[in-house]
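All values below come from the heavy atoms of this structure, side chains included, with hydrogens, waters and symmetry mates left out. The sequence lines fix the lettering, A, B, ..., with proteins before strands; numbering per chain opens at 1.
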Amino acid sequence: MRYRAIIGRDLRLAYRRRGELATPVIFFVIVTALFPLALNPDPALLRTLAPGVIWVAALLAVLIGQDRLFKTDYEDGSLELMLLSPISLEWIVLLRVFTHWLVTGLPLVILSLLLAMMLDYPMHAIGILVMSLLLGTPILSFLGAIGASLTVGLRRGFMLLPILVLPLTIPVLIFGAAAAGRAALGDHSAAPLYFLGAMLMLTVTLSPFAIAGGLRVSLES
Amino acid sequence: MKSWHEFITMGGYAAYVWPSYGIVLVVMLANAILPGRRQRRLLREIRRKQREEQTE
Amino acid sequence: MFVWFHKLASPPFFYRFAQKLAPWLGWLSLLVILAGLYGGLWLAPPDYQQGDGFRIIYVHVPSAMLSMFAYMVMATAAAIGLIWRMKLAHAVSAAVAPLGASFTFLALITGSLWGKPMWGTYWVWDARLTSELILLFLYLGYIALNHAFEDRRTGDRASAILALVGVVNIPIIHYSVQWWNTLHQGQTIFFGPKSEMPPSMYIPLFIMILGFMLFFAAFSLKRLQVEVLQRENKSAWVRELVETT
């Protein structure tokens with residue numbers, strides 16, 4: 001019951017800040033649109049680049065969205081109340097990141113359908129692309145949340161966050177883009193999807209401890 | 001190595017071998033010198049602050 | 001023995017201990033490295049395939065080993081610092097990180113200088129070079145976070161968490177990069193210590209690795225002294241130290 005209350009509160013707050021939450025989604029679309037302009041609108045070229053382009057854009061968009069994840073709660077003091085609450089901070093953080101993914105990550109996954117079409121990504125493989133993003137973007141959300149928890153007390157944290165988190169996201173990028181790329185060529189893409197699934201399990205179980213730890217450190221100062 | 005000439009030219013690979021060793025030397029020297037200098041500067045700074053406190 | 005370890009963890013005792021030990025280690029590492037250089041650059045025969053170009057191995061492999069070893073030291077110290085709230089352990093992480101980063105940089109530079117005659121280009125997206133590059137990014141992130149806070153203790157603990165997240169990730173990164181590499185490039189030219197290397201080639205390599213390790217030990221101690229001084233600059237023993245010297 002309490003857990004549902006936490007998710008409900010976060011969703012209501014998200015609805016109130018919907019303009020801010022739309023930023024990563026818009027960013028995702030614009031960045032993807034830059035590639036044909038910078039390279040060459042040749043459909044054959046775009047088709048080979050599409051998995052990589054969509055994945056890099058999604059990765060950057062998710063990280064941009066994570067920067068303000070704990071900022072308002074840190075500034076108005078509700079984060080300190082969360083520390084005192086009977087529910088452990090790890091659980092609160094897990095739910096918080098998950099709801100944040102629902103309102104920012106999920107729209108990205110849905111929009112990727114449109115972008116895939118614009119980049120001439122083959123339709124028969126689109127299920128695998130969506131699957132890879134569904135498994136991969138939550139991992140990115142959790143990794144971004146680790147960075148957000150460590151930099152929440154810093155004024156220029158938004159500049160530091162990508163430096164901290166981007167190296168950690170490389171395996172997700174490799175397996176995600178590989179799954180989508182192999183599917184486009186008609187190859188088997190089960191192996192990278194399994195890796196993504198395993199990594200998702202690992203991040204969901206371990207990263208809440210790192211995020212909660214980061215928040216505790218940030219609050220003590 | 002059979003001769004000094006062979007050593008200097010590194011059998012034609014001098015353009016790759018010597019720069020490698022050169023940059024290793026530079027970075028290691030920097031790592032060897034800088035901490036000691038910082039330590040001395042820090043000690044001097046602490047001493048100066050202490051004197052200032054005592055004279056006040 | 002245990003009492004001695006306990007004493008070593010106290011900053012004033014450690015500081016004096018390091019002051020005595022570091023110069024010895026430093027000079028010893030110089031001797032060992034000079035011996036290794038003599039063996040590697042003069043005594044060792046040229047490689048039957050790579051000629052004298054292979055001699056870069058004597059700086060490349062020790063740098064690459066230290067780059068990984070230093071990260072392990074940094075992460076272990078970070079864990080100790082977080083679990084037992086030991087101040088000296090956090091100072092160890094902060095002291096080791098710049099050294100680790102500089103050896104990662106050296107491994108990359110020497111690797112690419114070696115790659116030019118062997119591959120024809122300075123940079124190939126080879127699995128090991130790519131992993132080393134990501135390791136450099138991890139070090140830079142750690143150092144940036146460690147210095148981002150006004151309060152040293154917050155910076156120490158925040159970056160310790162990052163170091164632990166990094167150490168969990170390193171095997172995954174390493175494995176994924178290898179997987180990616182075999183997918184896109186097939187076989188890369190293998191370079192590095194071969195099993196059929198004659199003793200006159202691999203003994204200098206071991207000597208160089210030992211020399212680099214000693215260098216690392218000596219100058220981590222020196223850096224650690226600086227970190228301890230910065231953290232304890234208001235304490236009584238530092239005042240005493242400053243007055244007596």
Side-chain angles (χ1 to χ4, degrees), chain B, chain C residues 19 22-23 26 29-30 33 37 40-47 50-56 58-60 62-63 95 98-99 102-103 105-106 109-118 122 212 215-216 218-227 229-230 232-234 238-239 241-243 245:
Chain B
M1 289 290 154
K2 291 187 195 79
S3 66
W4 275 104
H5 177 74
E6 209 186 310
F7 179 72
I8 302 292
T9 56
M10 274 289 150
Y13 288 105
Y16 309 108
V17 175
W18 292 120
S20 303
Y21 280 82
I23 193 134
V24 170
L25 180 73
V26 168
V27 172
M28 283 176 93
L29 270 184
N31 268 312
I33 294 168
L34 293 180
R37 275 181 50 184
R38 258 182 75 199
Q39 187 188 15
R40 279 194 292 279
R41 201 177 315 141
L42 204 60
L43 282 171
R44 222 180 303 139
E45 214 172 280
I46 296 172
R47 194 174 303 148
R48 205 198 57 222
K49 268 188 197 149
Q50 224 161 285
R51 296 248 168 84
E52 274 169 23
E53 274 171 34
Q54 279 165 357
T55 51
E56 265 166 23
Chain C
Q19 186 74 24
S29 86
L30 181 69
I33 288 174
L37 284 177
L41 290 177
W42 191 268
L43 294 181
D47 185 70
Q50 308 188 3
D52 287 318
F54 94 101
R55 292 180 201 278
I56 296 176
Y58 297 113
V59 280
H60 175 75
S63 302
L99 271 170
S102 51
F103 281 107
F105 170 75
L106 285 181
I109 293 282
T110 55
S112 94
L113 278 168
W114 196 358
K116 178 67 179 168
M118 299 309 145
Y122 284 110
F212 271 55
F215 179 91
F216 176 75
F219 293 100
S220 333
L221 281 180
K222 208 73 205 156
R223 275 185 189 277
L224 189 47
Q225 281 190 304
V226 177
E227 297 289 335
L229 270 185
Q230 278 179 341
E232 305 260 317
N233 60 359
K234 297 218 169 62
V238 173
R239 286 168 175 275
L241 182 92
V242 166
E243 269 161 27
T245 49

Distance-only donor-acceptor hits, side chain of residues 16-24 of chain B, under 3.5 Å, sequence neighbours excluded:
unit_1, atom_1, unit_2, atom_2, d
B:W18, NE1, B:I8, O, 3.0
B:S20, OG, B:Y16, O, 2.7
B:Y21, OH, C:R55, O, 2.6

task: Tell me, for C:F54 versus chain B, whether the close heavy atoms (under 4.5 Å) come from the side chain, the backbone, both or neither.
output: neither
- prompt: Given that the side chain runs from C-beta out, which part of C:Y122 has a heavy atom under 4.5 Å from chain B: side chain, backbone, both or neither?
  reply: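 Just the side chain, heavy atoms under 4.5 Å.
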- prompt: Can you find a pair of side-chain heavy atoms, one from C:F212 and one from B:M28, that are under 4.5 Å apart?
  reply: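 Contact flag for C:F212/B:M28 side chains = yes.
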- prompt: Do B:R44 and C:V242 come within less than 4.5 Å of each other through their side chains, counting heavy atoms only?
  reply: no
query: Among C:N233, C:L106, C:I109, which residue forms the greatest number of heavy-atom pairs with chain B at distances under 4.5 Å?
result: C:L106
- request: For chain B, find which of C:P98, C:S63, C:S102, C:G26 contributes the most heavy-atom pairs closer than 4.5 angstrom.
  value: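 Among C:P98, C:S63, C:S102, C:G26, the one with the most close pairs to chain B is C:S102.
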field: Partner set under salt bridge (charged side-chain N to carboxylate O under 4.0 Å, His left out) for C:R239, not counting sequence neighbours
entry: B:E53
Rounded to the nearest 0.5 Å, what separates atom [atom1] in [X] from atom [atom2] in [Y]?
X      : Y      : atom1 : atom2 : value
C:K234 : B:I46  : NZ    : CD1   : 9.5 Å
B:N31  : C:K222 : CG    : NZ    : 14.0 Å
C:W114 : B:Y13  : CH2   : OH    : 11.5 Å

message: Is it true that C:Q230 and B:Q39 share a donor-acceptor pair across their side chains at a distance under 3.5 Å?
response: no
query: C:L41 and B:M10: side-chain contact (heavy atoms from CB on, under 4.5 Å), yes or no, with the steps?
result: CA-CA 9 Å; C:L41 290 177; B:M10 274 289 150; 3.8 Å; yes
message: I'd like to know if the side chain of C:D52 reaches the main chain of B:G11, judged simply by a donor and an acceptor atom lying under 3.5 Å from each other, with no hydrogens or angles considered.
response: yes
